[in-house]
Visitor: 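Take this structure first; my questions come after.
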Amino acid sequence: MKFSEFFIPTLKEEPGEAEISSHALSLRAGLIRKIASGIYSFLPLGLRVLRKIEEIVRQEMDNAGAIELFLPVLQPSDLWEKSGRWKEYGPEMFRLKDRNKRDFCLGPTHEELITYLAYLDLKSYKDLPVNLYQIQVKFRDEMRPRYGLLRAREFIMKDSYSFCRNDDSLDIIYKKMYNAYCRILERIGLRYRVVEADTGLIGGSSSHEFIILAENGEDKLVFCPECGYSANLEVSGSSPGGGSGSCVNCGKNLKTEKGIEIGHIFKLGSKYSDRLDARFVDVDGKQKPLIMGCYGIGITRMLAAAIEQMHDSKGIVWPVSIAPFAVNLIVTTGKNEEFLKAGDLVYRILTGLDVEVLYDDREVNAGIKFKDSDLIGIPIRFILGRKFLDNKLIDVEYRKDGKKMELSLDSIPGFIKKLNTANNLKSPLNE
RNA sequence: CGGGAUGUAGCGCAGUUUGGUUUAGCGCGCAGCGUUCGGGACGCUGAGGCCGGGGGUUCAAAUCCCCCCAUCCCGACCA
C-alpha cells in the first residue's frame, strides 16, 4: 500500500480529550475518530488491526471446535421478558420501538437469542455438545464511557455459547475455551493473567477473567508469585482496602496488579435454558435443560489494551501478530525520481514476497516520515536514502528496540524468509 | 446518577477575572510559490470563526446573569 494513496490522518498533537496512552495514540495514529461519547469510527489503519485480531480469534475458536454464526443486533423484547432481563438490565440497554410500537433493543449481549436458537433446534442429546460463536457489535449505554475504546457504548466482541447435556461435558468445553483464550493472548503477544471472577449480571456458577496487565487498567487483581494463584480482588477473600493479604493456596503474600479485562468465561448451567424452556431429550428419554456456558472476548477493547501495554514515548509498538502492516518502507525523498524508482523497486520485491508493506512515498521531509512511522508503530522499517543510491544498501530498523542493520537487494528474500520461519512477520490473514 | 472541570478555525491553546484599541488572536495543520531534503526545516502569500446553543442585562457581550446541550475526569456499577 502506498501511503500517498491510503488514508492515515495522523495528529501531531495530543487531543485534549484523551487521558491515557491507548486513547491518545489510537487517535493520533489515525486508527479511530470519535463520533460521540463512547462511539467511534474505525479508520482504515484501525480496521486492519481489528481484522487481524478477529482472524486470530476466529482461528482459535475454530481450532477449539466452536462454530461461527451471526445473530442480529436488533432484538425483540419478548425473549428478554422471558429471561427476566428486560427489567434487570435497566438503563444500560439501548431500547427502541418499531413502527408498530413493538419494543426492541440493540443487543448488549446474546444469551437470549442463542438460547432461543437452541430451543428451536437442539432437541436431542445426539445434537450435543455444540459451541456456537459470533463476532458481532454490542451496544451498552454505559453510565460513563471512558478511555476511548476501553469502555465504549458500541463495541465489537466475540461471544460464544456452548450447550451440553451435563456438567462434565460443560467442563470439557469450558477448559477448551479457557485454553483457546490463552492461545489467543499468547499469539498476539500480550502479558496477561487469568483470574477467578465474580459472575455478575450474566449469572452462573463459575467464571474466569482474562486480564491484560497494564498500569492504567481498571481492574485490580491479586497474584501469588509463589504458586501462581491469581484472582479478581473482589473474590480473593483479602481485604479490599489495604494490603493484599495472603494466598489461599500457599499462604504466601499476595501482590496486587492492575489490568484490563479482555475476556470473561462463565459456566452458566441452566439459568437461561430454564427461563427460555430450552430442553433436550437425554439418553434416558427424559427432558432436561441444556447446560450452558458462555465465553466473551473484546475485539475492539483488545486493540486498545494492546496499545496500552505496548507503546513508548514515540508511539505505538505493534506486535507483528496484529500490526496493520509488517514493513514500513520509507524513501527519504519523495520528490526525487531516483529515490522513487528505488522505492518502487523495493516495494515490488517485498509485495512479491507476500509482505504487507506500507510504502511511504509522500513528498514530505524524511523527518515527518520517521515521526509518523514511530507513531504508527509498524514493526520493521526499510529506509532508502542516499546510501542506497551509492551502495545499494537498505537500512533496516526494528521499531521495538531500535536495532539497525544494513541489507542489500539480493538478501531481501532471505531476510524475509528468516523472519517468516521465526514466525515473526506472518499476518494471521496469510496463514 | 452524585462530585469536579471544560466548550473560541481541522488540532492544540491565549483572550473572559475588571464588558469597549480585537476588524477575535497565536502555534500547528491546510492551499500556492521558492529554498531545503536521514528525525515534524525555512521564507513569502493565502483560505479558514454566528467565540457550544437559547434567552436576558447593557449604548455596547467571547467577556456579566439564567436555562439547555456536549465533552472529559473522580465515584457507584459493569465486558
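The sequence lines fix the lettering, A, B, ..., with proteins before strands; numbering per chain opens at 1.
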Visitor: Does the distance from a Lys or Arg side-chain N to an Asp or Glu carboxylate O, for A/K52 and A/E356, drop under 4.0 Å?
Guide: yes
Visitor: Using the P atom on both, measure B/rG7 against B/rU16 and round to a whole Å.
Guide: 12 Å
Visitor: Ignoring backbone atoms, establish whether A/Y147 has a side-chain N or O less than 4.0 Å from OP1 or OP2 of B/rC74.
Guide: yes
Visitor: Establish, with yes or no, whether the OP1 or OP2 oxygen of B/rC37 is under 4.0 angstrom from a side-chain nitrogen or oxygen of A/T333.
Guide: no
Visitor: Mind listing the side-chain donor-acceptor pairs of residues 373-382 of chain A below 3.5 Å, one per line with the distance, residues two or more places apart or on another chain?
Guide:
unit_1	atom_1	unit_2	atom_2	d
A/S373	OG	A/N328	OD1	2.7
A/S373	OG	A/R381	NE	2.9
A/S373	OG	A/R381	NH2	3.2
A/D374	OD1	A/R381	NH2	2.4
A/R381	NH1	A/E397	OE1	3.2

Visitor: What is the distance, to the nearest angstrom, from the CE atom on A/M143 to the P atom on B/rA76?
Guide: 11 Å
Visitor: If you measure from the P atom in B/rC26 to the same atom in B/rU71, how many Å do you get, rounded?
Guide: 31 Å
Visitor: Is any NZ, NE, NH1 or NH2 atom of the basic residue among A/E186 and A/R183 found under 4.0 Å from an Asp or Glu carboxylate oxygen of the other?
Guide: no
Visitor: For B/rC72 and B/rC13, measure between their P atoms and round to the nearest Å.
Guide: 15 Å
Visitor: In whole Å, what separates the P atom of B/rG56 from that of B/rG15?
Guide: 29 Å
Visitor: Taking a pair as Watson-Crick or G-U wobble with both distances under 3.5 Å, which nucleotide is matched to B/rA14?
Guide: none
Visitor: Between B/rC78, B/rG39, B/rG40, which one does the side chain of A/E142 approach most closely?
Guide: B/rC78
Visitor: Please name the nucleotide paired to B/rC51 by Watson-Crick or G-U wobble geometry with both distances under 3.5 Å, or report none.
Guide: none
Visitor: Please determine, for B/rG7, whether a Watson-Crick or G-U wobble partner exists with both distances under 3.5 Å, and give it or none.
Guide: B/rC69
Visitor: Please confirm whether any donor atom in the side chain of A/R146 sits under 3.5 Å from an acceptor in the base of B/rC72, or the reverse.
Guide: no
Visitor: Is it true that the side chains of A/S162 and A/Y295 contain a donor and an acceptor less than 3.5 Å apart?
Guide: yes
Visitor: Name the pairing partner of B/rC37, where a pair is Watson-Crick or G-U wobble with both distances under 3.5 Å, or state none.
Guide: none
Visitor: Does A/Y178 have A/K175 sitting over its ring (NZ/CZ under 6.0 Å from centre, angle to axis within 45°)?
Guide: yes
Visitor: Using the P atom in both, what is the distance from B/rG32 to B/rU6, to the nearest Å?
Guide: 40 Å
Visitor: Does any pair with a residue in residues 68-80 of chain A pass side-chain hydrogen bond (donor to acceptor under 3.5 Å, both in side chains), and if so which ones, sequence neighbours excluded?
Guide: A/R58-A/E68, A/E68-A/Y133, A/Q75-A/W80, A/Q75-A/H110, A/D78-A/R102
Visitor: It should be established whether A/S37 places a side-chain nitrogen or oxygen under 4.0 Å from OP1 or OP2 of nucleotide B/rA70.
Guide: no
Visitor: Classify the nucleic acid contact of A/G16 as base, sugar-phosphate or nothing, counting any heavy atom under 4.0 Å across all strands shown.
Guide: sugar-phosphate
Visitor: Of the nucleotides B/rG39, B/rU71, B/rG38, which one has an atom closest to the side chain of A/K34?
Guide: B/rU71
Visitor: Would you measure the distance from the C1' atom in B/rG40 across to the matching atom in B/rC30 and give it in whole Å?
Guide: 15 Å
Visitor: Select base, sugar-phosphate, or nothing to describe what A/I330 touches, counting heavy atoms under 4.0 Å on all strands.
Guide: nothing
Visitor: Could you work out, with salt bridge (charged side-chain N to carboxylate O under 4.0 Å, His left out) as the rule, every residue matching A/E406, not counting sequence neighbours?
Guide: A/K387
Visitor: On the nucleotide B/rC73, are OP1 or OP2 found under 4.0 Å from the side-chain N or O atoms that A/R144 carries?
Guide: yes
Visitor: Using purine N1 to pyrimidine N3 plus N6-O4 or O6-N4 for Watson-Crick, or N1-O2 and O6-N3 for G-U wobble, both under 3.5 Å, which nucleotide pairs with B/rC1?
Guide: B/rG75
Visitor: Does A/K417 count as lying over the ring of A/F415, i.e. NZ or CZ under 6.0 Å from the six-ring centre, within 45 degrees of the axis?
Guide: no
Visitor: Looking only at side-chain atoms of A/K371, point me to the closest of B/rG40, B/rA76, B/rA79.
Guide: B/rG40
Visitor: Kindly state each residue pair satisfying side-chain hydrogen bond (donor to acceptor under 3.5 Å, both in side chains) with at least one member in residues 29-38 of chain A, sequence neighbours excluded.
Guide: A/E17-A/K34
Visitor: When all nucleic acid strands are considered with a 4.0 Å heavy-atom cut-off, which category describes A/K369: base, sugar-phosphate, or nothing?
Guide: nothing
Visitor: Please classify the nucleic acid contact of A/E14 as base, sugar-phosphate, or nothing, using heavy-atom distances under 4.0 Å.
Guide: sugar-phosphate
Visitor: Would you classify A/E363 as touching base, sugar-phosphate or nothing, given that sugar-phosphate means primed atoms plus P, OP1 and OP2, and contacts are heavy atoms under 4.0 Å?
Guide: nothing
Visitor: Over how many whole Å does the gap from A/D395 atom CG to B/rG39 atom C1' extend?
Guide: 13 Å
Visitor: Using atom CE of A/M177 as one end and atom C1' of B/rA79 as the other, report the distance to the nearest whole Å.
Guide: 17 Å
Visitor: So what's B/rC44 paired with, Watson-Crick or G-U wobble, going by both distances under 3.5 Å?
Guide: B/rG32
Visitor: Roughly, in whole Å, what's the span from NZ in A/K387 to P in B/rC37?
Guide: 18 Å
Visitor: Does any pair with a residue in residues 340-350 of chain A pass side-chain hydrogen bond (donor to acceptor under 3.5 Å, both in side chains), and if so which ones, sequence neighbours excluded?
Guide: A/D344-A/Y359
Visitor: Which residue lies toward the 5' end of RNA chain B, A/H23 or A/L11, if each is placed at its nearest nucleotide?
Guide: A/L11
Visitor: Can you figure out which of B/rG38, B/rG39, B/rG12 approaches the side chain of A/R381 most closely?
Guide: B/rG39
Visitor: Sticking with atom P, work out how far B/rC50 lies from B/rG25, rounded to a whole angstrom.
Guide: 14 Å
Visitor: Would you say A/F370 stacks on B/rG38, if stacking means ring centres under 5.5 Å apart and planes within less than 30 degrees?
Guide: no
Visitor: Let me know the distance between CD1 of A/I39 and C1' of B/rA70, rounded to the nearest Å.
Guide: 13 Å
Visitor: What's A/A305 touching, base or sugar-phosphate or nothing? Going by heavy atoms closer than 4.0 Å.
Guide: nothing
Visitor: Taking B/rC77 as the reference, what is the distance to B/rG55 when you measure between their P atoms (whole Å, please)?
Guide: 43 Å
Visitor: For A/E218, answer base if it contacts any base atom (sugar-phosphate contacts may also be present), sugar-phosphate if it contacts only those atoms, and nothing otherwise; contact means non-hydrogen atoms under 4.0 Å.
Guide: nothing
Visitor: Can you tell me how far C1' of B/rC37 sits from CZ of A/F339, to the nearest Å?
Guide: 8 Å
Visitor: Could you give the CG-to-P distance, from A/N216 to B/rC73, as a whole number of Å?
Guide: 11 Å
Visitor: Which part of the nucleic acid, if any, lies within reach of A/D159 when heavy atoms closer than 4.0 Å are counted: base, sugar-phosphate only, or nothing?
Guide: nothing
Visitor: Under the salt bridge (Lys or Arg N to Asp or Glu O under 4.0 Å) test against A/E111, which residue among A/R275, A/R85, A/K271 passes?
Guide: A/R85
Visitor: Does B/rG20 have a Watson-Crick or wobble partner in any strand here, with both distances under 3.5 angstrom, and which is it?
Guide: B/rC59
Visitor: Among the candidates B/rG38, B/rU71, B/rA79, find the nucleotide nearest to the side-chain atoms of A/R301.
Guide: B/rA79
Visitor: Reading RNA chain B from 5' onward, which residue's closest nucleotide shows up sooner: A/A152 or A/E17?
Guide: A/E17
Visitor: Select base, sugar-phosphate, or nothing to describe what A/R28 touches, counting heavy atoms under 4.0 Å on all strands.
Guide: base
Visitor: Can you give one letter per nucleotide of nucleotides 26-36 of chain B, going 5' to 3': B for a protein heavy atom under 4.0 Å from the base, S for sugar-phosphate only, - for none?
Guide: -BSS------B
Visitor: Compute both the distance and the angle, then confirm whether A/R301 meets the cation-pi test with A/F155: under 6.0 Å from the six-membered ring centre, within 45 degrees of the axis.
Guide: no
Visitor: Expressed as a whole number of angstroms, how long is the span from A/R386:CZ to B/rG39:C1'?
Guide: 16 Å
